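Quick notes on the structure that follows.
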Number of protein chains: 2
Amino acid sequence: MPELLSRRELNKAATRQAITDAALTLLRAQGPGNFTVEEIAESAGISRRTFFNYFSSTEAALASMTHGFLDNALQQFRQRPADEPILESARAALMQLADPMTVAPLAELFTLTQDNAVLSRSELEAWDHCTEEIISAARERFAGNPGAVVDELYLRALAGSVISCGKAAMDVWFAQCGADLSPASLAVLRQLLIDAMGHLGSGFGHPVPAAGPSATPTTATTHLLKERL
Amino acid sequence: MPELLSRRELNKAATRQAITDAALTLLRAQGPGNFTVEEIAESAGISRRTFFNYFSSTEAALASMTHGFLDNALQQFRQRPADEPILESARAALMQLADPMTVAPLAELFTLTQDNAVLSRSELEAWDHCTEEIISAARERFAGNPGAVVDELYLRALAGSVISCGKAAMDVWFAQCGADLSPASLAVLRQLLIDAMGHLGSGFGHPVPAAGPSATPTTATTHLLKERL
DNA sequence: CATGAAATTACACTACGTGCAAGTTTGCAC
DNA sequence: GTGCAAACTTGCACGTAGTGTAATTTCATG
C-alpha cells in the first residue's frame, strides 16, 4: 500500500474533520452553548462516545482550529534563520498568517464566540499553549549558542509579549474589520501586526503614535525593524 | 444599625470565605480533581446548591484567590500618578505584590495546581481578565489627555505585554523558589519583576540582558539565587 | 410581632465525561 | 482467501456538574 497514510489514519483524519465541521455548522446555526455533544456526533455520523475519543469537549473540538492556526505560525517561526533577532522572526512568522486561507476559520470562529465565556477559555488556552511552544523554540535556538546560559525570564517574558502583541493585533483587527477577509482588510491586519511588533521592539516608547492603516508604516516602527523593511 | 456591613453582607462574606477555605483545604489534602463540589459544600457547612450560588465551579472558587491578587495589583496601578509612564506605573504596581501576605495564597495555589490542566485554565482566565482591566485603566488615563486619539492597538499590546512579563516573572520565581516566602525569595521575585519590565522597556534588545535602570539586576538575581541554592 | 425581601435548601432534570465490555474494522502473515 | 491481533467504534452504566423551581428559613424594617 504505497500511500503515505494508511487507511486507518485516513479514516481518523476524516472523522476528525467531520467532527469539527459538524461543530462549526452547529455553532453557526444555533450559536455558542446552544447545542450538545450528542448533536455534533449525530451530525458527524458517529456515536457520542466516539466524539469523546477525539475531543474532550465541544470547546476542544472548536479550539482545534485555533490550534491549527497557531501551529502554523509556530512552524513559520521555527523555519526562520537562527541568527535572526527573535522579534524579527516573530514578525515574519505572524506576517505569514495574514492570508485569507489561514485566517478565515479563525476569523469566523472569533466572531461566533465573541461574547461566550466558555468558548473563549479554550481560545486562551490555545494562545497559552502557543506561548509555551515559542518558549521551547526560542530556547532551542539559544541553546545552539555555545556557552550561553539561557535566561529563562527573558525567554518567557519575550515569548509572552510577542504572543500578547499578536493577540492584540488580531483583537483590534476583528473589532475594526469583523470577518472581512478582503485584501484591504488583510493589509490592515498586516500593518497592525507590524505596528504591534514595532511597539514591542521599541519598548513602547510612544504613548500616542500617529495612527493610520494606510500604506505608510507608522512612526512606531523601530530602527530595528526599519533595517529590514 | 449603622454598621459598615449589614448582617446579610457579613454572612455572605463569611460563607464565601468558608467555601474558598474548604476548597483550598481539600485541594491540599486530596490534590486537584480528586474532590467534588459536594465535599466542598459539606466541608463549608452549606448545601451543594448554595455553593453554585457563590461560584460557578470548583475552579472558579479557587481562582477567586488569583482574582484577589490581581485586583490588588490593579488597584495599585490605578493609584499611580497619571503623568507617569505606563511601564513605570506597572512596575511600581507589581512591586507592591512581592509581599508575603499578598503572594502567599497565590504561591501555594500555584504549587498545588502546577500540573493540572483544568485548574490552570481558570488562572489563565484571571490573568486575561486583569489584562482587560489594565486596558480600561490605561485608556481612562489617556482619555484625560485632551485631543489625543487613543491607539487601541498600543493599549492592548502594552497591557498584554505587561501582564505577560508579570506572569513570566512569577513563573520563573515559582520554578526557582517554589512556595518559599522568605525575604530573600521575595527579593528574588522583586528583582525578576524589575528585570522583566526592564526587558520590556528596552524592547528586548539584549538576549543576555546586561544593563538595567539601576544597579545590576541580572547579577543581583543570580547572586541571590546562589545564596539560597 | 408582622411583613416582605433576600438567602438557603431540597428536588428534579439535562448534559458531560469516563470506564468497561462488547462488537467491528484494519493490517499482516500465512 | 483464512486467521489473528491490534486498533477503532459503539452501547451501557455511572458519577458528577450545573441549573430551574418552588418551598423554607433568615434578616431588616415598620
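All chains are named by letter (A, B, ...) in the order of the sequence lines, taking the proteins before the strands, and each is independently numbered beginning at 1. Here the structure is a predicted model, which means the values were calculated and not measured.
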Any ion pair linking [Y] and [X] (charged N to carboxylate O, less than 4.0 Å)?
X	Y	value
Arg156(A)	Glu132(A)	yes
Glu88(A)	Arg91(A)	yes
Glu42(B)	Arg48(B)	no
Glu125(B)	Arg121(A)	yes

How many Å lie between [atom1] on [X] and [atom2] on [N], as a whole number?
X	N	atom1	atom2	result
Asn34(B)	dG17(C)	CG	C1'	16 Å
Glu38(B)	dA10(C)	CD	C1'	12 Å
Glu42(B)	dT8(C)	CD	P	18 Å
Phe55(A)	dT9(D)	CZ	P	12 Å
Phe52(A)	dG15(D)	CZ	P	18 Å
Arg48(A)	dC14(D)	CZ	C1'	11 Å
Leu10(B)	dC27(D)	CG	P	11 Å
Asn53(B)	dA10(C)	CG	C1'	13 Å

Please check if the side chain of Ser120(A) supplies one atom and the backbone of Glu123(A) the other of a donor-acceptor pair under 3.5 Å.
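The answer is no, because no donor-acceptor pair under 3.5 Å joins these two groups.
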Any chance you could list the contact pattern along nucleotides 20-26 of chain C? Use B for base contacts, S for sugar-phosphate-only contacts and - for none, protein heavy atoms under 4.0 Å, 5' to 3'.
B----BB
Where do Val150(B) and Ala143(B) come nearest, in terms of heavy atoms and distance?
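It is CG2-N, 4.4 Å.
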Name the residue from Leu70(B), Asn72(B), Leu186(B) that meets the side-chain contact (heavy atoms from CB on, under 4.5 Å) definition with Leu97(B).
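Single pass found, and it is Asn72(B).
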Looking at the side chain of Thr50(B), which of dC16(C), dA17(D), dT8(C) is the nearest nucleotide?
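Looking only at heavy atoms from C-beta outward on Thr50(B), the closest nucleotide is dT8(C).
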Which nucleotide sits closest to the side chain of Ser47(A): dG18(D), dG11(D), dC16(C)?
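Among the listed nucleotides, the one closest to the side chain of Ser47(A) is dG11(D).
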Looking across every strand, which nucleic acid part, if any, lies under 4.0 Å from Tyr54(B) by heavy atom: base, sugar-phosphate, or nothing?
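Sugar-phosphate contact only.
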DNA chain D contacts among residues 12-25 of chain B, heavy-atom distance under 4.0 Å:
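By residue number: none to list.
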In sequence, state the C-alpha distance, the side-chain angles, and the governing distance for Glu133(A) and Arg78(A), and then conclude on salt bridge (charged side-chain N to carboxylate O under 4.0 Å, His left out).
CA-CA 10 Å; Glu133(A) 295 280 331; Arg78(A) 288 188 189 274; 3.8 Å; yes
Can you check side-chain hydrogen bond (donor to acceptor under 3.5 Å, both in side chains) on Asp71(A) and Gln75(A), steps first, answer last?
CA-CA 6 Å; Asp71(A) 282 357; Gln75(A) 207 174 335; over 6 Å; no
